[in-house]
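Quick notes on the structure that follows.
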Amino acid sequence: MEKWFQLILNSLPRRFYARDTVVVAQDLLGKRIVRKIGRQIISGIITETEAYGHTNDSASHAFRRKTKRNQAMFDEVGRAYVYFTYGMYFCFNVVARNPEADAGAVLIRAIQPEKGVEIMKKNRGKTSEKNLADGPAKLTQALDITKKHYGLDLTSNKELYIAEGLEKQKKIISDSRIGIQTALDNLWNFKINI
DNA sequence: CTTGGGATGGTCT
DNA sequence: GACCATCCCAAGG
């Protein structure tokens with residue numbers, strides 16, 4: 001059995017997500033997203049994430065109060081929070097927070113494609129392998145992640161989950177989060193170069 | 001390489 | 001009724 005195939009068999013456990021949202025955002029870098037559609041498999045290494053908090057974070061969807069849309073950010077850690085934005089795109093988050101917090105999630109902003117590149121190209125309507133999944137909405141397009149995945153348990157689902165990835169730790173670059181205008185002092189955008 | 005405008009609709013005020 | 005945790009393309013340097 002090939003090594004990469006063994007690695008993607010097991011999803012990260014619930015306890016991985018039951019830690020501070022910022023720490024989880026950093027630890028998700030280098031991990032592997034696995035998407036199975038029928039008998040086809042897509043995978044990629046996470047290269048950019050952002051942490052979003054609760055009442056401590058004015059840029060977070062959960063800042064004001066619990067709503068139907070942000071409900072998932074208050075639910076069980078390790079589940080997916082998918083939201084619709086700009087009238088045409090979805091963004092994929094993983095619910096994560098320490099047990100004392102009420103809400104929190106990590107936005108997955110970019111992956112480096114690994115397996116299933118042809119499927120990603122098809123899903124993206126592209127012929128080139130460039131820019132396939134290097135943005136939050138490009139990523140959901142490439143992996144066919146939509147609102148139907150809202151609340152999905154990433155620790156037990158077989159069609160979409162996150163597994164171990166790179167073995168070697170990479171240097172993390174911290175920055176302000178993209179596309180927001182408040183809480184700019186929170187350097188909660190994290191990237192690695194592969 | 002950078003910049004500006006259009007697409008498009010759910011959510012919140 | 002405005003705002004968006006965005007992307008793409010065309011035009012300019």
Side-chain angles (χ1 to χ4, degrees), chain A residues 17 20-29 31 33 35 42 44 46-75 77-97 101-113 117 119-152 154 160 162 172-193:
Chain A
Y17 303 101
D20 186 274
T21 310
V22 171
V23 172
V24 175
Q26 294 171 335
D27 276 4
L28 278 171
L29 295 172
K31 297 290 189 284
I33 294 188
R35 176 83 171 101
I42 306 174
I46 298 174
T47 55
E48 183 178 0
T49 63
E50 279 177 2
Y52 284 90
H54 184 209
T55 52
N56 61 328
D57 181 12
S58 58
S60 172
H61 287 167
F63 180 62
R64 296 179 188 283
R65 63 175 176 281
K66 190 188 295 186
T67 65
K68 186 180 177 188
R69 178 216 209 184
N70 67 24
Q71 172 68 45
M73 290 183 73
F74 296 81
D75 288 341
V77 300
R79 289 180 179 267
Y81 168 43
V82 180
Y83 66 88
F84 185 67
T85 191
Y86 291 108
M88 25 191 359
Y89 300 114
F90 294 100
C91 288
F92 172 55
N93 301 248
V94 188
V95 180
R97 77 185 97 89
D102 289 325
V106 177
L107 171 66
I108 310 298
R109 287 191 59 89
I111 62 171
Q112 162 126 337
V117 169
I119 311 169
M120 291 196 233
K121 283 160 67 173
K122 186 182 169 197
N123 288 346
R124 293 264 294 124
K126 293 278 190 186
T127 54
S128 161
E129 296 193 8
K130 276 183 71 76
N131 313 119
L132 269 189
D134 59 344
K138 299 182 201 176
L139 181 158
T140 56
Q141 257 180 9
L143 301 193
D144 188 31
I145 296 174
T146 67
K147 208 161 188 175
K148 67 178 181 281
H149 298 105
Y150 188 98
L152 180 145
L154 299 165
L160 177 63
I162 302 176
I172 298 175
I173 304 160
S174 303
D175 215 332
S176 260
R177 291 168 293 179
I178 309 292
I180 60 169
Q181 61 236 359
T182 59
L184 297 178
D185 290 340
N186 291 339
L187 303 182
W188 289 353
N189 172 285
F190 304 107
K191 281 178 293 215
I192 56 171
N193 291 313

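So that the names make sense, note that chain A is the first sequence line, chain B the second, and so on, each numbered from 1.
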Phosphate OP1/OP2 of B:dT13 contacted by A:R64 side-chain N/O (<4.0 Å): yes
Distance in Å, [X] [atom1] paired with [Y] [atom2], rounded so as to fall on 0.5 Å steps:
X     : Y      : atom1 : atom2 : result
A:T21 : A:L107 : OG1   : CG    : 12.5 Å
A:E48 : A:I111 : CD    : CD1   : 12.5 Å
A:I33 : A:I145 : CD1   : CD1   : 6.0 Å
A:D75 : A:Y150 : CG    : OH    : 7.0 Å

Separation of B:dA7 P from A:F84 CZ (nearest whole Å): 16 Å
Identified stems (criterion: three or more consecutive Watson-Crick or G-U pairs, under 3.5 Å), DNA chain B: B:1-7 with C:6-12, B:9-12 with C:1-4
Heavy atoms from other residues, nucleotides or ligands near NZ of A:K148 exceed 12 (cutoff 6.0 Å): yes
Working for ring-ring contact (aromatic ring centres under 6.0 Å, His included), residues A:F92 and A:F90: CA-CA 7 Å; A:F92 172 55; A:F90 294 100; over 10 Å; no
Check: A:E50/A:N189 side-chain N/O donor and acceptor closer than 3.5 Å: yes
Nucleotides 2-12 of chain C: protein proximity per nucleotide (B base, S sugar-phosphate only, - neither; heavy atom, under 4.0 Å): --BBBBS----
A:D27 bridged to A:K31 by N-O distance under 4.0 Å: no
